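Predicted model only: the values in this text are computed from it and were never measured.
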Amino acid sequence: MIMTAIRRVGVIGAGTMGNGIAHMFAVAGLAWCSAMWSRAFWSGAGDDWEEPGSRSSQEQDYGGRQGGHAGRITAVVERAKLAECELVIEAATEKFEIKAEIFRELDRITKPEVILASNTSSISITKIAALTGRADKVIGMHFFNPVPVMKLVEVIRGLATSQATFETVRDLAVKLEKTAVEVNDAPGFVSNRVLMPLLNEAMFAVMEGVATAEAVDEVFKLGMAHPMGPLTLADFIGLDVCLDIMRVLQDGLGDPKYRPCPLLIKMVDAGWLGRKSGRGFYQYS
């Protein structure tokens, strides 16, 4: 059984994605929308987190709908509060070990009929679902950054995800004024299985001296009409996230074409993570 009415949504993760997802549910007009963070992630919120009711969170444009939504968001650190929700979305770091711990606890503290969703961009939903006693109610709900602007949500079925779970999450995405695209479970799904090798190959081009980062980006902006070049996009995503996803693809698919670029590994080791660290393929003030 799945709860017929989802009015209260929990979000675990205090970064850019968790914050954006929480606010999108709030502006959708749900009766209750609570953004729940565990203590482990609270300290990592940094400048991304907008305090509910703050002027900046009220004034942001979420799909053309502004103001009045932040009051629906309650920020808490006690995971037990998630028991009050009908849907919980995990938007934590793209590390399986972290997600595994979260889903084991969510399975323990929430009602059996509650849907558990992951905003993972590459990790197997089937593998995550197997950690719970409700594999039919575990699903991927992959939002894109920036959440208010990007219309796509990849809705990823695990091997055991039920049709009822899929339809509930798809309908919620529509309520958020998003376009839900059904995807089956595979490393990287569709978006990152195609995108990340492109970014990775652009990095190889720079490493091998084929062209500068600026030149590679210009080729894609002017020749392929991309809104930003692949290396600018990699900096925006976070080079550490790009590396994590490439490793998931390499491990999951076993094909050497998914080998992370050595330059990417070196930059992550140096702490050059892109925009969020102030330096990646470009420098940021």
| query | Going by the angle between their ring planes, with limits at 30° and 60°, are His226 and Phe220 parallel, tilted or perpendicular? | reply | tilted
| task | For Arg134 and Asp107, indicate whether the former's side chain and the latter's backbone hold a donor-acceptor pair under 3.5 Å. | result | yes
| note | Shortest non-hydrogen pair, Leu231 vs Ala202, comes out as CD2-CB, 3.9 Å
| request: Could you tell me which non-hydrogen atom of Ile98 sits nearest to which non-hydrogen atom of Ala92, and how far apart they are? | output: CG2-CB, 4.1 Å
| field | Interatomic distance, Arg8 atom CZ to Leu87 atom CG [nearest 0.5 angstrom] | value | 13.0 Å
| request: Measure across Pro197 and Leu249 and return the closest heavy-atom pair with its distance rounded to 0.1 Å. | output: CD-CD1, 4.3 Å
| query | Is a donor on one side and an acceptor on the other found under 3.5 Å between the side chain of Tyr282 and the backbone of Ala213? | reply | yes
| Looking at side-chain heavy atoms only, is the closest gap between Ser122 and Phe96 below 4.5 Å? | no
| remark: Test side chain to side chain contact (heavy atoms under 4.5 Å, CB included), reference Ile265, set Met203, Arg259, Arg247, output is Arg247
| said: If hydrophobic clusters are built from ILVMFWY residues whose side chains come within less than 4.5 Å, do Ile237 and Val206 share one? | reply: yes
| message | Using only atom types and a distance under 3.5 Å, with no angle test, would you say the side chain of Thr161 pairs donor to acceptor with the backbone of Val138? | response | yes
| query | With sequence neighbours left out, what residues match Phe144 under ring pair (Phe, Tyr, Trp, His ring centres under 6.0 Å)? | reply | His142
| Just wondering, do Tyr258 and Arg193 contact through their side chains at under 4.5 Å, heavy atoms? | yes
| field | Sidechain N-carboxylate O distance under 4.0 Å for Lys137, Glu113 | value | no
| Nearest heavy atoms of Pro146 and Phe236, plus distance in Å | CD-CZ, 4.2 Å
| Close side-chain approach of Ser118 and Ile89, heavy atoms under 4.5 Å | no
| task | Give the cluster check for Leu273 versus Leu263: same hydrophobic cluster or not, with ILVMFWY residues linked at side-chain heavy-atom distances below 4.5 Å. | result | yes
| request: Could you tell me whether a side-chain N or O of Arg170 sits under 3.5 Å from a main-chain N or O of Val155, the two making a donor and an acceptor? | output: no
| field | Electrostatic pair Glu90-Lys99, nearest N-O below 4.0 angstrom | value | yes
| note | All heavy atoms of Phe103 vs all of Thr132, minimum pair found to be O-CG2, 4.0 Å
| Atom CG of Leu159 and atom CG of Asp185: how far apart are they, to the nearest 0.5 Å? | 8.0 Å
| said: What I'd like to find out is whether the side chain of Met24 reaches to under 4.5 Å of the side chain of Lys178, using heavy atoms alone. | reply: yes
| message | For the backbone of Lys95 and the side chain of Asp244, can you confirm whether one donor and one acceptor N or O come within less than 3.5 Å of each other? | response | no
| said: Starting from Phe204, can I reach Ile245 by hopping between I/L/V/M/F/W/Y residues whose side chains sit under 4.5 Å apart? | reply: yes
| note | The reported gap from SG in Cys85 to CD1 in Ile12 (rounded to nearest 0.5 angstrom) is 9.0 Å
| field | Test item: Glu154 side-chain N/O and Val190 main-chain N/O as donor-acceptor pair under 3.5 Å | value | yes
| task | Give the cluster check for Leu253 versus Ile125: same hydrophobic cluster or not, with ILVMFWY residues linked at side-chain heavy-atom distances below 4.5 Å. | result | no
| CG of Leu239 to NZ of Lys276: how many Å apart, nearest 0.5 Å? | 8.5 Å
| Backbone N or O of Gly271 within a donor-acceptor pair of the Arg279 side chain at under 3.5 Å? | no
| request: Decide if atom CD1 of Ile109 counts as having more than 12 heavy atoms of other residues, nucleotides or ligands within a radius under 6.0 Å. | output: yes
| query | Val241 and Ile102: same hydrophobic cluster, using ILVMFWY side-chain contacts below 4.5 Å? | reply | no
| request: For the residue pair Val153 and Leu176, establish whether any side-chain heavy-atom pair is separated by less than 4.5 Å. | output: no
| For the student: nearest non-hydrogen atoms of Pro260 and Met246, plus distance | CG-CB, 3.9 Å
| field | Euclidean distance, Ile123 CD1 relative to Glu94 CD, rounded to 0.5 Å | value | 4.0 Å
| field | Validation row: Val181, Phe189 side chains within 4.5 angstrom (heavy atoms) | value | no
| task | Starting from the C-alpha separation in whole Å, work towards a yes-or-no answer on side chain to side chain contact (heavy atoms under 4.5 Å, CB included) for Phe281 and Thr232. | result | CA-CA 7 Å; Phe281 285 94; Thr232 300; over 6 Å; no
| message | Looking at Met17, is its backbone amide N or carbonyl O close enough to the side chain of Asn119 to form a donor-acceptor pair, meaning the two atoms are under 3.5 Å apart? | response | no
| message | Under the criterion salt bridge (charged side-chain N to carboxylate O under 4.0 Å, His left out), I'd like the reasoning laid out for Glu218 against Lys221: C-alpha separation, chi angles, the key distance, then a yes or no. | response | CA-CA 5 Å; Glu218 283 296 293; Lys221 287 191 293 181; 3.0 Å; yes
| field | Carboxylate-amine/guanidinium proximity below 4.0 Å for Glu101 and Arg104 | value | no
| note | Distance col, row Asp235:CG vs Ser277:OG, nearest 0.5 angstrom, shows 8.0 Å
